Amino acid sequence: MTYLDHAATSPLRPAVAEAMAPFGSAVFGNASGSHQVARRARRALDDARERVAQVVGADPGEVVFTSGGTESDNLAVFGTLAALAESGSPCRAIVCSAVEHAAVLASCQAVATSSARLRGIEPVEVRSAPVDAGGALDVGALEELLTDDVALVSVMLANNEVGTIQPLPAVAALVARRAPRAVLHTDAVQAAAYLDLAAAARDAQLVSLSAHKLGGPKGVGALIVRDPARVGPILHGGGHERDRRSGTSNVGGAVGLAVALEEIAAVRDEEGSRVAALRDRLAGGIISAVPGAVLSVDLHRCLPGHAHFRFGGVEREELLVLLDERGVCASGGAACSSGALEPSHVLAAMGVPPDEARGAIRFSLGHTTTESDVDAAVEAVRSAVAELRA
């Protein structure tokens, strides 16, 4: 099998599996308890929090463990507005890029409707910042959207579908100047596998993470909440995570997230270069082997593991079926929308015509990818596209 869908989920790293093993039996306590079994779990949770904070450049108290990237994004949007509502501060608008993950876009859409009142939030205006043909934020257009009444700006660090890295430092500087009361949120779920978050996301007050994109376990993530950002809970109950996220702590998952981040940090430059070289080999091979194949984004603007193609004259679902039959695992875009027949909102925002978007495929490489994987994928794509076009 040739697995080129790391952006959807990345295989569990051996060191992560080893670190998590005791939490299935030996360390099973509820970290909220007071007896010795619970204290053992609590120590592991606190240690994981400190390790995550160290890698991402935060204080341990700023790390809020969640169930994954989707919850982290929802907590950033709903939690920020809930905290503002509780404090009595006015909020009339939020801004997000047009290519955000669905977890951000759907949250923004929800707070723009009357349903927001069910959460104690008054509906707000949502402003969408456009991107260029390569998926990069139009910073000039963003500037026009920023006013004093903007409470939250959400711009992802790197796009999950096409891999474009966003100019977050420029965005942060612009927000500080044009909307100084606004909180900057960045979805770093895809970027964390390759970028140094302590540097790349240092100017964002809210940072979303997800373990399973990094070779960690599914079902755990984090939201970094830096001062002066405040988030109110969207889950209510026992007041876990300093009253920011109720629910029994996933101790083993938190440990897995910490170890995955540490593993990446230890080999980031070397592994990034290795994966980028494989990605370039894949892209060059496909361009040479498949007439009319088009890269959606220049590779130098992308994360090292991403290569997004458009193949004219084919439908992506048919192509994915043939690739799967040939042992190649790829995707048509975001994993949460796989199987959707409508064109991607990311490609639409980039100005890609619908007929071209229908033949779009994402290949995402990672820590398990080899040269033989790449070569097998090139041949599979060549034969599958030729079969469909015939």
Side-chain angles (χ1 to χ4, degrees), residues 56-58 62 69 72-77 79-81 84 91-105 107-108 111 124-209 223-231 297-298 300-303 306 345-346 349-351:
V56 303
E62 296 172 336
S72 295
D73 285 345
N74 275 255
L75 181 57
V77 176
T80 295
L81 299 190
L84 287 172
C91 171
R92 292 182 172 82
I94 59 178
V95 178
C96 65
S97 83
V99 294
E100 292 300 300
H101 188 277
V104 170
L105 293 181
S107 297
C108 290
V111 298
V124 300
E125 177 190 359
V126 177
R127 302 169 187 170
S128 180
V131 298
D132 64 19
L137 187 72
D138 184 335
V139 178
L142 173 65
E143 183 170 9
E144 297 300 315
L145 300 176
L146 295 176
T147 54
D148 284 342
D149 58 358
V150 171
L152 176 70
V153 178
S154 186
V155 175
M156 64 199 329
L157 186 51
N159 187 260
N160 54 301
E161 187 168 335
V162 297
T164 304
I165 299 171
Q166 299 293 0
L168 199 64
V171 171
L174 188 59
V175 170
R177 187 175 79 252
R178 294 276 296 182
R181 292 184 294 179
V183 170
L184 176 60
H185 166 245
T186 191
D187 179 331
V189 167
Q190 287 294 330
Y194 294 106
L195 303 185
D196 179 0
L197 298 188
R202 68 178 180 273
D203 296 321
Q205 290 80 48
L206 300 172
V207 183
S208 296
L209 302 172
L223 180 67
I224 309 303
V225 184
R226 295 192 177 104
D227 190 67
R230 298 288 184 271
V231 294
V297 179
D298 290 340
H300 72 275
R301 303 177 70 181
C302 290
L303 292 171
H306 272 66
H345 75 278
V346 174
M350 292 165 55

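A quick note: this is a predicted structure, and the numbers were derived from the prediction, not measured. Here, residue 1 is the first one in the sequence, and each next residue gets the next number.
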Legend entry - Minimum-distance pair of heavy atoms, taken over all atoms of Leu137 and Ala129: CD1-CB, 3.6 Å
Inset, instruction - Carefully, step by step, assess Arg92 and Glu125 under the rule side-chain contact (heavy atoms from CB on, under 4.5 Å). - result: CA-CA 6 Å; Arg92 292 182 172 82; Glu125 177 190 359; over 6 Å; no
Legend entry - Val207 vs Leu223 side-chain heavy atoms within contact, under 4.5 Å: no
Inset, instruction - Apply side-chain contact (heavy atoms from CB on, under 4.5 Å) to the pair Leu209 and Leu197, showing each step before the final yes or no. - result: CA-CA 10 Å; Leu209 302 172; Leu197 298 188; 3.3 Å; yes
Legend entry - Spacing of Asn159 atom CG and Leu303 atom CG [to the nearest 0.5 Å]: 9.0 Å
Legend entry - Where Gly135 and Val99 come nearest, the two heavy atoms and their spacing: O-CG2, 4.3 Å
Inset, instruction - Could you go through the side-chain contact (heavy atoms from CB on, under 4.5 Å) check for Val155 and Thr186 one step at a time? - result: CA-CA 5 Å; Val155 175; Thr186 191; 5.6 Å; no
Legend entry - Rounded distance (nearest 0.5 Å) linking atom CG of Leu84 with atom CD1 of Ile94: 11.0 Å
Inset, instruction - Could you tell me whether the side chain of Leu174 reaches within less than 4.5 Å of the side chain of Leu142, counting heavy atoms only? - result: yes
Legend entry - Min side-chain heavy-atom separation Val139-Glu143 under 4.5 Å: no
Inset, instruction - Looking only at non-hydrogen atoms, find the nearest pair between Val175 and Ala182 and report the distance. - result: CG1-CB, 4.0 Å
Inset, instruction - Calculate, to the nearest 0.5 Å, the distance between atoms CG and CD belonging to Asp138 and Glu144 respectively. - result: 10.0 Å
Inset, instruction - State plainly whether the residues Arg226 and Asp203 are in salt-bridge range, i.e. N to O under 4.0 Å. - result: no
Legend entry - Side-chain donor or acceptor of Arg202 paired with backbone N/O of Ala199 under 3.5 Å: yes
Inset, instruction - Heavy atoms only: give me the nearest Asp73-His101 pair and the separation to one decimal. - result: OD2-CB, 4.3 Å
Legend entry - Contacts of type side-chain hydrogen bond (donor to acceptor under 3.5 Å, both in side chains), residue Thr147, not counting sequence neighbours: Arg127, Asp149
Legend entry - Partner of Leu206 under side chain to side chain contact (heavy atoms under 4.5 Å, CB included), chosen from Leu152, Asp187, Val153: Leu152
Legend entry - Spatial distance of atom CD (Glu161) from atom CD (Gln190) [nearest 0.5 Å]: 10.5 Å
Inset, instruction - Spell out, as yes or no, whether a donor-acceptor pair under 3.5 Å connects the side chain of His345 to the backbone of Glu100. - result: yes
Legend entry - Atom of Ala201, atom of Leu157 and distance for their closest heavy-atom approach: CB-CD2, 4.5 Å
Inset, instruction - Check whether the side chains of Ser208 and His185 place a donor and an acceptor atom closer than 3.5 Å, and report yes or no. - result: yes
Legend entry - Heavy-atom closest contact (Ser97 atom, Leu105 atom, distance): O-CD2, 3.8 Å
Inset, instruction - Say whether, by atom type as modelled, one donor and one acceptor occur between the side chain of Arg181 and the main chain of Asp148 under 3.5 angstrom. - result: yes
Inset, instruction - Output all residues satisfying side-chain hydrogen bond (donor to acceptor under 3.5 Å, both in side chains) with Ser72, sequence neighbours left out; order by chain, then residue number. - result: Thr66
Legend entry - Residue pair Leu145, Arg178: steps toward the side-chain contact (heavy atoms from CB on, under 4.5 Å) verdict: CA-CA 9 Å; Leu145 300 176; Arg178 294 276 296 182; over 6 Å; no
Inset, instruction - To the nearest 0.5 angstrom, please state how far the CZ atom of Arg301 sits from the CD1 atom of Ile165. - result: 10.5 Å
Legend entry - All pairs passing side-chain hydrogen bond (donor to acceptor under 3.5 Å, both in side chains) where residues 164-174 contributes a residue, at least two apart: none
